[in-house]
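Please read the structure below before turning to the comments.
Since we're looking at a predicted model, the values are computed, not measured. Order of listing sets the numbers, starting from 1, for every ligand and every atom in it. Residue numbers count from 1 along this sequence.
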Amino acid sequence: MKTTQFSSSSSDRRIGALLRHLTAGSDSDHLSSVYASPTSGVTGGSVFAHLVQAPEDPILGVTVAYNKDPSPVKLNLGVGAYRTEEGKPLVLNVVRKAEQQLINDRTRIKEYLPIVGLVEFNKLSAKLILGADSPAIRENRITTVECLSGTGSLRVGGEFLAKHYHQKTIYITQPTWGNHPKIFTLAGLTVKTYRYYDPATRGLNFQGLLEDLGAAPAGSIVLLHACAHNPTGVDPTIQQWEQIRQLMRSKGLMSFFDSAYQGFASGSLDTDAKPIRMFVADGGECLVAQSYAKNMGLYGERVGALSIVCKSADVAGRVESQLKLVIRPMYSSPPIHGASIVAVILRDKNLFNEWTLELKAMADRIISMRKQLFEALRTRGTPGDWSHIIKQIGMFTFTGLNPAQVSFMTKEYHIYMTSDGRISMAGLSSKTVPHLADAIHAVVTKSV
Ligand code: PLA
């Protein structure tokens with residue numbers, strides 16, 4: 001068999017030849033024809049010179065601006081990332097323990113995972129979101145694939161639907177997480193919105209929601225935030241979920257759940273998964289995107305899962321085979337480390353229990369921040385009804401502050417938040433509440 005191997009001397013010869021070729025003669029025309037790109041023309045400018053500077057991401061760009069601010073009192077309430085009372089990022093204790101276990105295990109290797117990811121992680125993730133006694137799991141009519149956190153799970157699910165589902169329109173809440181429309185448009189779906197939030201009550205526009213979903217063409221896909229709606233912090237009640245389920249099933253609408261905050265809304269993993277479990281209990285089909293970024297604090301590990309619940313095991317098997325065709329050319333196979341951490345924690349009863357306690361502590365701290373901020377505004381006699389701060393659920397408060405007010409607070413108080421007035425309650429601490437309350441008080445008492 002012929003092998004193509006270069007000895008160092010033959011590769012030296014090749015490099016030498018290349019250098020001679022590049023520097024041959026003093027003919028500058030010849031040189032520029034070597035160096036210039038084919039389309040740069042006589043000016044020699046970049047082929048990318050026509051590009052305009054793209055704007056920063058509306059959420060992640062807030063952190064970029066925050067990092068540039070030298071002020072010692074600056075406060076980042078933009079991205080939804082949990083911080084301790086000391087304002088520090090948190091690595092859960094249970095995650096540290098799982099990582100130690102992984103490091104101590106010398107049999108662990110770094111081979112590629114299969115296209116669908118870590119199989120044990122997939123099984124445990126399905127159990128976590130659907131419940132151990134889920135009929136879909138019992139009947140083996142679910143496929144779960146590991147994806148790159150919640151975003152990757154949404155993207156893979158969106159592209160799968162665009163390729164294989166008869167309806168190409170997805171309805172998303174108005175408003176929603178800013179990345180949703182981009183993810184689904186790039187996946188090949190047409191994005192439309194349904195009414196969700198009522199600015200007048202700062203609560204759910206349930207009537208509008210029912211009307212819009214009722215008017216959607218049969219079979220349309222509907223994106224549902226499983227809990228802790230982003231950015232509004234407003235969730236339907238269980239009775240309202242039941243009405244939504246009935247309406248969607250009667251019209252054959254396809255539900256696609258985005259579960260980015262399981263455990264962060266109520267502090268209980270099971271309570272927060274209830275709406276999804278209602279849609280699975282009726283025997284119908286649905287998609288679920290799960291993220292471990294927030295509830296296990298694995299943000300940068302990019303670990304999540306996409307589950308597709310089908311009518312039969314046979315269909316689920318074929319769905320999985322097609323999901324592999326979506327994933328393989330996109331990123332080939334997912335990373336091993338984050339999914340291994342999750343698997344260690346979910347498979348071990350003690351670690352699992354410890355995790356639920358740490359998760360509950362994070363959820364409770366956020367709830368306590370809500371109370372403290374509400375009280376601080378009351379003490380200051382800040383005009384307006386701020387009760388939505390304690391009524392809303394999950395990581396965010398949708399304050400109702402407008403972009404001009406947000407910009408004032410950033411400029412004068414060094415408080416960073418998204419321009420729609422959303423604040424991450426998880427970024428607040430007892431120490432920083434007074435500063436935020438001062439800023440809100442100032443901005444609503446002066447008219448900007
Ligand atoms: N879905 C929703 C509703 C989200 O709010 C987020 C994250 C994701 C999915 C994706 O998260 P993941 O890919 O990291 O798992 N939203 C954050 C971060 C917390 C972000 O914008 O990327 C936010 O600040 O809104």
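- Although no hydrogens or angles enter the test, the distance criterion places a donor-acceptor pair under 3.5 Å between the side chain of N122 and the main chain of T144.
- Within the 3.5 Å criterion, the main-chain N or O of C227 finds no donor-acceptor partner in the side chain of D235.
- Between D282 and R249 a salt bridge is recorded (basic side-chain N to carboxylate O distance below 4.0 Å).
- Remark: K446 is positioned above the aromatic ring of F408, its terminal NZ or CZ atom under 6.0 angstrom from the ring centre and at most 45 degrees off the axis.
- Aromatic pair H225/Y261: ring centres not closer than 6.0 Å.
- Annotation: ligand 1 has protein neighbours I59, V79, G80, S149, G150, T151, W177, N230, D258, A260, Y261, S291, A293, K294, R302, F396, R422, each with a heavy atom less than 4.0 angstrom from the ligand.
- For an aromatic pair to be called close, the ring centres must be under 6.0 Å apart, and H435 with Y413 satisfies this.
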